[in-house]
Amino acid sequence: MIKEIIHAQLIECLETLGISHEKEFSVEIPNNTEYGDYSSNCAMVLAKENKTSPKVLAEKISKALKKNKDFKKVEVAGPGFINFVLSPALYQRIFWDIRKAENSFGDSDFGAEEKILLEFVSANPTGPLNIVSARAAAFGDTLYRVMKKVGFAPVREFYINDAGNQVDILAESLELRLRELHGDNIGEFPYEAYHGEYVKHLAQKLNALEGVRVFMMTEKDRMEHLKDFALSEILEMQRSSLERFDVVFDGWVSEKALRAEGVVEEVLSYLTEADCTYEKDDAIWFASSKFGDDKDRVLMKSDGSITYFVPDLAYHLTKLQRGFTTLIDIFGPDHHGYVPRIRAAFQALGYDEKMLEIIFLQQVNIFEGGERVKMSKRAGKIVTMDDLIDVVGKDAARYFFIARKASAHLNFDLELALKQNNENPVYYCQYAHARIASIIKKAKKEKIWPKAFKKELLVKLNKPEELAIIQKLADLPELLRLIAIHREPHRLATYMEELSAMIHKYYARYQIVNPKSKELSQARLMLLETTKNVMAIVFDLMGISAPEKM
RNA sequence: GCCCCUGUAGCUCAGAGGAUAGAGCAGCGGUUUCCUAAACCGUUGGUCGGAAGUUCGAAUCUUCCCAGGGGCGCCA
């Protein structure tokens with residue numbers, strides 16, 4: 001919000017001086033405080049089009065701006081930067097606005113209610129959610145929350161692959177475990193089957209419910225029955241893991257249901273009409289290589305069944321039909337080879353492929369005692385999302401996943417996470433919040449907490465640390481917009497760490513609650529109360545709790 | 001072989017064209033009659049993987065090379 005103010009002032013100044021400003025210039029917070037609170041490169045950017053040197057132009061602009069009372073100092077430096085030091089009065093005014101906004105601080109109509117579909121997690125319903133899904137859940141949900149805050153109309157969906165042959169294998173695995181319970185010798189458990197303990201638990205549960213009745217059905221009915229049972233149990237398991245993570249989906253879309261609606265045939269006929277399918281080796285192929293894919297892809301296998309691709313494409317088309325103008329898929333790294341074919345299909349069917357955006361979350365490696373744990377769902381060797389929450393807790397887990405940008409590989413040492421829980425940055429940030437809560441409690445006890453804070457107290461907020469905190473707070477609305485546009489929730493974590501550091505330093509340096517100078521105390525309390533509120537807003541976006549006490 | 005991601009301090013990572021590259025942790029030395037020491041202060045530590053190019057200016061953009069991880073099924 002401050003950058004916009006300065007930018008607007010600069011434009012006004014350029015207009016009055018009759019300086020041309022075709023090219024875009026920026027207003028930034030310099031990384032070195034010696035260069036002021038804010039800095040603009042406008043003179044360097046505009047020098048060429050005004051046929052003058054950056055320095056001369058900068059001098060001209062800064063001279064005109066010096067009259068402005070919002071700026072305590074305007075200076076030309078280096079190759080032609082214009083550096084600004086803002087007046088405390090401007091900071092105080094801005095602070096009052098932030099304060100008045102309360103929980104709506106950072107809200108905007110920037111997104112213009114654009115309908116955005118966020119698809120994430122979409123794990124196979126064949127086992128508990130793993131750590132990659134946990135990362136996707138944290139990332140997708142936080143992105144959703146930020147988008148919503150800045151005025152988009154996002155929707156969260158989970159696509160359930162409940163119709164493929166993985167599910168058949170799951171049912172077969174369950175049957176084997178059931179027979180085992182009944183004392184059958186099943187021999188060696190097949191390599192392809194699901195080895196996880198959860199399959200045994202499912203077998204026990206089903207056995208307790210239905211006993212031998214399961215085996216009185218025909219083979220075909222039994223497999224359907226086992227499939228339905230396993231699916232609903234596992235989906236429930238996944239849903240409850242996500243709930244523990246505070247991730248709720250607006251929609252769960254079933255592949256099976258889509259197929260039943262006949263969308264598969266529809267998609268096949270669309271592609272055929274677009275003249276980009278052909279038959280070879282008894283299979284039907286999509287000529288995706290015509291649209292930039294490495295090779296053509298099978299749509300219908302020689303046994304008459306269809307591949308994963310067809311219903312998935314159909315699902316994407318339903319998103320468009322439902323009026324979403326941006327489709328964001330958040331995928332694991334193993335899906336990147338899949339992208340060209342779905343983009344190819346968009347092209348083939350005449351849709352704008354720019355509407356489809358795919359974010360890849362890179363893999364999560366689990367280390368235990370310095371050694372990497374190889375994970376495989378089929379072999380039953382996985383570290384689940386629930387394990388992670390059990391060990392490090394929801395807050396730390398979510399923070400850890402959000403704090404890294406999507407494209408970064410993530411190494412997670414379980415032992416270290418356990419050992420270091422006091423040193424984890426999430427505690428640093430939460431502690432800053434708890435400390436403010438503690439100060440407020442003390443102020444109330446000392447009876448210096450007023451019924452309402454008076455605006456006149458603002459002038460007492462003039463210490464460099466205080467103005468810097470206000471500047472940080474004022475940064476948030478722009479940051480949220482950037483996070484939404486660039487899909488970068490990790491910047492929330494950086495922001496939190498910076499703000500928390502400022503609070504800890506401020507806390508250590510100044511006495512806040514001092515009955516001897518009540519007004520000064522109240523001014524500082526006012527600053528801290530608002531900061532606490534802003535921290536709570538950001539914690540909420542991250543899905544992390546804002547503790548009053550630690 | 002082709003494709004994707006990564007390479008910044010001892011470790012984990014920020015830094016999306018700006019000035020002297022930052023944080024946390026680890027290391028070293030300090031701080032508590034006072035609002036929580038899960039903190040603060042000071043300090044050590046960097047050829048931003050390498051090379052060339054683009055420009056007033058590059059960790060950031062382009063190309064090539066090197067190294068690590070992952071993906072390349074009529075699986076999903």
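Within every chain, numbering begins at 1; the chains are lettered A, B, ... in the order of the sequence lines, protein sequences first and strands thereafter. Computed from heavy atoms alone, side chains included, the values below leave out hydrogens, waters and symmetry copies.
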(request) Report yes or no: do A/Tyr278 and A/Asp296 form a side-chain donor-acceptor pair below 3.5 Å? (result) yes
(request) Please determine if a side-chain N or O atom of A/Ser407 lies less than 4.0 Å away from the OP1 or OP2 oxygen of B/U6. (result) yes
(request) State whether the aromatic ring of A/Tyr428 stacks on the base of B/G24, taking stacking to mean ring centres under 5.5 Å apart and ring planes under 30° to each other. (result) no
(request) Tell me whether the guanidinium CZ or amine NZ of A/Lys73 lies under 6.0 angstrom from the six-membered ring centre of A/Phe71 and within 45° of its axis. (result) no
(message) Using 30° and 60° as the class boundaries, would you call the ring planes of A/Phe120 and A/Phe249 parallel, tilted or perpendicular?
(response) tilted
(request) Name every residue in residues 43-53 of chain A that has at least one heavy atom under 4.0 Å from any atom of RNA chain B, in order of residue number, or write none if there are no such residues. (result) A/Met44, A/Lys48
(message) What I want to check is whether an N or O donor and acceptor connect the side chain of A/Asn83 with the base of B/A19 at under 3.5 Å.
(response) yes
(message) Test: salt bridge (Lys or Arg N to Asp or Glu O under 4.0 Å). Region: residues 37-52 of chain A. Which pairs qualify, not counting sequence neighbours?
(response) none
(request) Please state the P separation for the pair B/C61 and B/A19 - nearest whole angstrom. (result) 15 Å
(message) Using OP1 and OP2 only, check whether a side-chain N or O of A/Lys301 sits under 4.0 Å from B/C75.
(response) yes
(message) Could you check whether A/Ser133 and A/Asn130, counting side-chain N and O atoms only, form a donor-acceptor pair closer than 3.5 Å?
(response) yes
(message) According to side chain to side chain donor-acceptor pair (under 3.5 Å), who are the partners of A/Arg509, at least two apart in sequence or on a separate chain?
(response) A/Glu465
(request) Would you mind telling me which residue lines up with the more 5' stretch of RNA chain B, A/Ala163 or A/Arg404, judged by nearest nucleotide? (result) A/Arg404
(request) Hey, which sits more toward the 5' end of RNA chain B by its nearest nucleotide, A/Gln363 or A/Phe360? (result) A/Phe360
(request) Ignoring hydrogens and angles, answer whether the base of B/C74 and the side-chain atoms of A/Ser302 contain a donor-acceptor pair closer than 3.5 Å. (result) yes
(message) In whole Å, I'd like the distance from the CD1 atom of A/Ile483 to the P atom of B/G15.
(response) 11 Å
(request) Give the rounded distance in Å between these two atoms: CD of A/Gln430 and P of B/A38. (result) 15 Å
(request) Can you tell me the distance, in whole Å, between the CZ atom of A/Phe400 and the C1' atom of B/C25? (result) 12 Å
(request) Could you check which of B/C74, B/C4, B/U12 has an atom nearest any side-chain atom of A/His336? (result) B/C4
(request) Can you tell me, in whole Å, how much space there is between the C1' of B/A59 and that of B/A9? (result) 14 Å
(request) For A/Ser288, enumerate each residue passing the side chain to side chain donor-acceptor pair (under 3.5 Å) test, keeping only those at least two apart in sequence or located in another chain. (result) A/Asp293
(request) Using side chain to side chain donor-acceptor pair (under 3.5 Å) as the criterion, list what pairs up with A/Arg341, not counting sequence neighbours. (result) none
(request) Kindly point out which of B/U12, B/U20, B/C74 is positioned nearest to the side chain of A/Trp285? (result) B/C74
(request) State which of B/A14, B/G70, B/A38 makes the closest approach to the side chain of A/Met550. (result) B/A38
Would you list the protein and nucleotides 30-35 of chain B atom pairs, both N or O, that sit under 3.5 Å from each other?
unit_1, atom_1, unit_2, atom_2, d
B/C35, O2', A/Ser438, OG, 3.4
B/C35, O2, A/Val513, N, 3.1
B/C35, N3, A/Ile512, N, 3.0
B/C35, N4, A/Tyr507, O, 2.8
B/C35, N4, A/Tyr510, O, 2.3

(request) Have a look at A/Arg297 and say if it touches a base, only the backbone sugar-phosphate, or nothing, with a 4.0 Å heavy-atom cut-off. (result) nothing
(request) Identify which nucleotide among B/A76, B/A19, B/A38 has an atom closest to any side-chain atom of A/Pro30, counting heavy atoms from C-beta outward. (result) B/A19
(message) Please report the distance, rounded to the nearest Å, between CE in A/Met502 and P in B/G24.
(response) 13 Å
(request) Just call it for A/Asn165: base, sugar-phosphate, or nothing, with non-hydrogen atoms closer than 4.0 Å on any strand. (result) sugar-phosphate
(request) Let me know the distance between CG of A/Leu410 and P of B/C5, rounded to the nearest Å. (result) 17 Å
(request) Among the candidates B/C4, B/A76, B/A19, find the nucleotide nearest to the side-chain atoms of A/Phe81. (result) B/A19
(request) Kindly point out which of B/U12, B/C40, B/G71 is positioned nearest to the side chain of A/His504? (result) B/C40
(message) I want to verify a distance call: between B/A14, B/A76, B/G69, whose nearest atom is closest to the A/Asn161 side chain?
(response) B/A76
(request) Say whether A/His21 and A/Asn50, considering side chains only, have a donor N or O and an acceptor N or O under 3.5 Å apart. (result) no
(message) Applying a 4.0 Å non-hydrogen cut-off, can you work out what A/Ala434 is touching in the nucleic acid: base, sugar-phosphate, or nothing?
(response) base
(request) Using the P atom as the reference point in each nucleotide, state the distance between B/U62 and B/G17 in Å, no decimals. (result) 12 Å
(request) Return no unless some side-chain N or O of A/His490 is found under 4.0 Å from OP1 or OP2 of B/G15. (result) yes
(request) Would you please enumerate the stems RNA chain B participates in, each stem being three or more consecutive Watson-Crick or G-U wobble pairs with both distances under 3.5 Å? (result) B:1-7 with B:66-72, B:10-13 with B:22-25, B:27-31 with B:39-43, B:49-53 with B:61-65
(request) Would you indicate which nucleotide in B/A76, B/C5, B/G15 comes nearest to any side-chain atom of A/Gln362? (result) B/C5
(request) Provide, to the nearest angstrom, the distance between the CG atom belonging to A/Asn365 and the C1' atom belonging to B/G68. (result) 11 Å
(request) Could you please name the option among B/G71, B/C74, B/C75 that lies closest to any side-chain atom of A/Gln166? (result) B/C75
(request) Using side chain to side chain donor-acceptor pair (under 3.5 Å) as the criterion, list what pairs up with A/Glu255, not counting sequence neighbours. (result) A/Arg259
(request) Please assess A/Tyr194 against A/Gln166 for the test side chain to side chain donor-acceptor pair (under 3.5 Å), listing each intermediate value before the final yes or no. (result) CA-CA 9 Å; A/Tyr194 289 99; A/Gln166 308 279 14; 3.2 Å; yes
(request) Determine the contact category for A/Lys441: base if any of its heavy atoms lies under 4.0 Å from a base atom, sugar-phosphate if only primed atoms, P, OP1 or OP2 are that close, otherwise nothing. (result) nothing
(message) Tell me every residue that passes ring-ring contact (aromatic ring centres under 6.0 Å, His included) with A/Phe110, counting only those two or more places apart in sequence or in another chain.
(response) none
(message) Once ring pair (Phe, Tyr, Trp, His ring centres under 6.0 Å) is applied, what residue pairs with a partner in residues 25-51 of chain A remain, sequence neighbours excluded?
(response) A/His7-A/Phe25
(request) Please state how far atom NE2 in A/His409 lies from atom C1' in B/G69, giving the value in whole angstrom units. (result) 5 Å
(message) Is there, by distance only and without an angle test, a donor paired with an acceptor across the side chain of A/Ser39 and the base of B/A19 below 3.5 Å?
(response) yes
(request) Have a look at A/Glu446 and say if it touches a base, only the backbone sugar-phosphate, or nothing, with a 4.0 Å heavy-atom cut-off. (result) nothing
(message) Going by the rule salt bridge (charged side-chain N to carboxylate O under 4.0 Å, His left out), which residues pair with A/Arg435 if we only count those two or more places apart in sequence or in a different chain?
(response) none
(request) Measure the distance from OH on A/Tyr495 to C1' on B/G24 and round it to the nearest whole Å. (result) 19 Å
(message) Can you check the distance between B/C66 and B/A52, where both ends of the measurement are the C1' atom (answer in whole Å)?
(response) 15 Å
(request) Applying ring-ring contact (aromatic ring centres under 6.0 Å, His included), name anything that partners A/Phe400, two or more places apart in sequence or on another chain. (result) A/Phe412
